[in-house]
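Single-structure report; data block below.
The shown structure was predicted, so the numbers you read here are calculated from the model rather than taken from an experiment.
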Amino acid sequence: MVSANREMVVYCFDTLMAHYNNEEAPPPAFDEGQHPLFVTWKKVINGGEPRLRGCIGTLEARCIVNGFRDYALTSALRDRRFPPIQAKELPSLECTVSILTNYETARDYLDWEVGKHGIIIEFTDPDYNTRRSATYLPEVAAHEGWTNVEAIDSLIRKAGYSGTITGQLRKSIQLTRYQSTLFTMPYSEYAAYVKTTRGIGPTINGAKP
């Protein structure tokens, strides 16, 4: 099984750096494979808790080289919840890559463990009779200190449902649980790693928005 590793994070940083510098990223130092994956960017402000700046990925298996290249940029520049990350923010960023594994259909909306499982919910919006879905990665509920029900209710809102959340709605949810491996690295470690392995540290030549 492929696990998230340092080289995957380096490739995501390389890809974002290359975007700002209007150049090609160095080739990745990991093997190709097919896996669902996510790229998460957070920003450290005044030494505080890192704050989310973008998180997008795919729940379907795809080539991880192309996947990390695409989602490094998509999550940094096109997460609709946030303005695009600017070049000047790079030194304050940290990047987490996630490889998703062990998909299982849960018995009900409570059949998963906080801190162990990521969850995908699907349900029919009773107000509009449309299908809605959303996911949280395994670390989200634990980081927020949520119970199973609190996480489910938050995910229902994330899916775009604005009506009253009832017990009946929760029971109608189809839930898929999964696990993940992840690797996190701040920009400072990335810069040190690049300098050690390539003989010269990263430079931001451009400031393309």
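Of the possible polar contacts, none joining the D125 side chain to the T130 backbone as a donor-acceptor pair under 3.5 Å is found.
Among residues at least two apart or in separate chains, side-chain hydrogen bond (donor to acceptor under 3.5 Å, both in side chains) pairs with a member in residues 158-173 are D153-R170. Residues in residues 165-190 take part in these ring-ring contact (aromatic ring centres under 6.0 Å, His included) pairs, two or more places apart or across chains: F13-Y187, F13-Y190, Y103-Y178, Y187-Y190. For the ring-ring contact (aromatic ring centres under 6.0 Å, His included) condition, the pairs that include at least one residue of residues 106-139, sequence neighbours left out, are Y136-W146. Within the structure, every pair that satisfies the side-chain hydrogen bond (donor to acceptor under 3.5 Å, both in side chains) test and touches residues 35-45, not counting sequence neighbours, is listed here: W41-S75, K43-E89.
Not a single side chain to side chain donor-acceptor pair (under 3.5 Å) links N148 to another residue, sequence neighbours left out. Listed by chain and number, the residues in a side chain to side chain donor-acceptor pair (under 3.5 Å) with T124 are R131 (sequence neighbours excluded). Partners of T96 under the side chain to side chain donor-acceptor pair (under 3.5 Å) rule, at least two apart in sequence or in another chain, are T184. Not counting sequence neighbours, the partners of E7 by the side chain to side chain donor-acceptor pair (under 3.5 Å) test are Y193. Considering only residues two or more places apart in sequence or on other chains, R80 meets the salt bridge (Lys or Arg N to Asp or Glu O under 4.0 Å) condition with none of them. Among residues two or more places apart in sequence or in another chain, the side chain to side chain contact (heavy atoms under 4.5 Å, CB included) test is passed with K195 by none. Among residues two or more places apart in sequence or in another chain, the side chain to side chain contact (heavy atoms under 4.5 Å, CB included) test is passed with R51 by I45.
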Cut-off 3.5 Å, no hydrogens considered: what does the side-chain donor-acceptor table look like for residues 61-72, sequence neighbours left out?
residue, atom, partner, partner atom, Å
R62, NH1, D70, OD2, 3.3
R62, NH2, D70, OD2, 2.9
N66, OD1, R69, NH1, 3.2
N66, OD1, R69, NH2, 3.3

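Contact check for E139 versus E144: no side-chain heavy atoms found under the 4.5 Å cut-off. Residues L90 and S92 are not in side-chain contact: their nearest non-hydrogen atoms beyond the backbone lie 4.5 Å or more apart. Contact check for T135 versus L59: side-chain heavy atoms found under the 4.5 Å cut-off. Side-chain contact check for I156 versus I173: some heavy-atom pair is nearer than 4.5 Å.
Taking every heavy atom of both residues into account, A142 and G115 meet most closely at CB-CA, 3.9 Å. The two atoms that bring R53 and P84 nearest to each other are NH2-O, 3.4 Å, heavy atoms only. Smallest separation of non-hydrogen atoms from I119 and I152: CD1-CD1, 3.9 Å. Taking each heavy atom of P50 and V44 in turn, the nearest pair found is CG-CG2, 3.9 Å. For the pair C95 and V39, the tightest heavy-atom approach, listed with the atom from each and the gap, is SG-CG1, 4.0 Å. Residues L175 and D108 come closest through the heavy atom pair CB-O, 4.1 Å.
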Can you check side chain to side chain contact (heavy atoms under 4.5 Å, CB included) on V149 and L110, steps first, answer last? CA-CA 7 Å; V149 173; L110 293 175; 3.8 Å; yes

Verify side chain to side chain contact (heavy atoms under 4.5 Å, CB included) between M8 and N5, making sure each step is shown before the conclusion. CA-CA 6 Å; M8 295 171 184; N5 60 50; 3.5 Å; yes

Evaluate the side chain to side chain contact (heavy atoms under 4.5 Å, CB included) criterion for residues R81 and L52: first the C-alpha distance (whole Å), next the side-chain angles of each, then the deciding distance (0.1 Å), finally the verdict. CA-CA 10 Å; R81 298 170 292 177; L52 187 64; 4.0 Å; yes

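For the atom pair CG (L37) and OG1 (T101), the distance works out to 12.5 Å, reported to the nearest 0.5 Å. Going from atom CG of L93 over to atom SG of C12 covers 12.0 Å, rounded to the nearest 0.5 Å. With values rounded to the nearest 0.5 angstrom, R177 atom CZ is found 4.5 Å from D111 atom CG. How far OG1 of T203 is from CE of M17: 6.0 Å, rounded to the nearest 0.5 Å. Here L77 contributes atom CG and Q86 contributes atom CD; the two are 10.5 Å apart, rounded to the nearest 0.5 Å. The line from CD1 of I99 to OG of S180 is 9.5 Å long, rounded to the nearest 0.5 Å.
Y20 and F82 fall into different hydrophobic clusters, defined by Ile, Leu, Val, Met, Phe, Trp and Tyr side-chain heavy atoms under 4.5 Å apart, directly or through other members.
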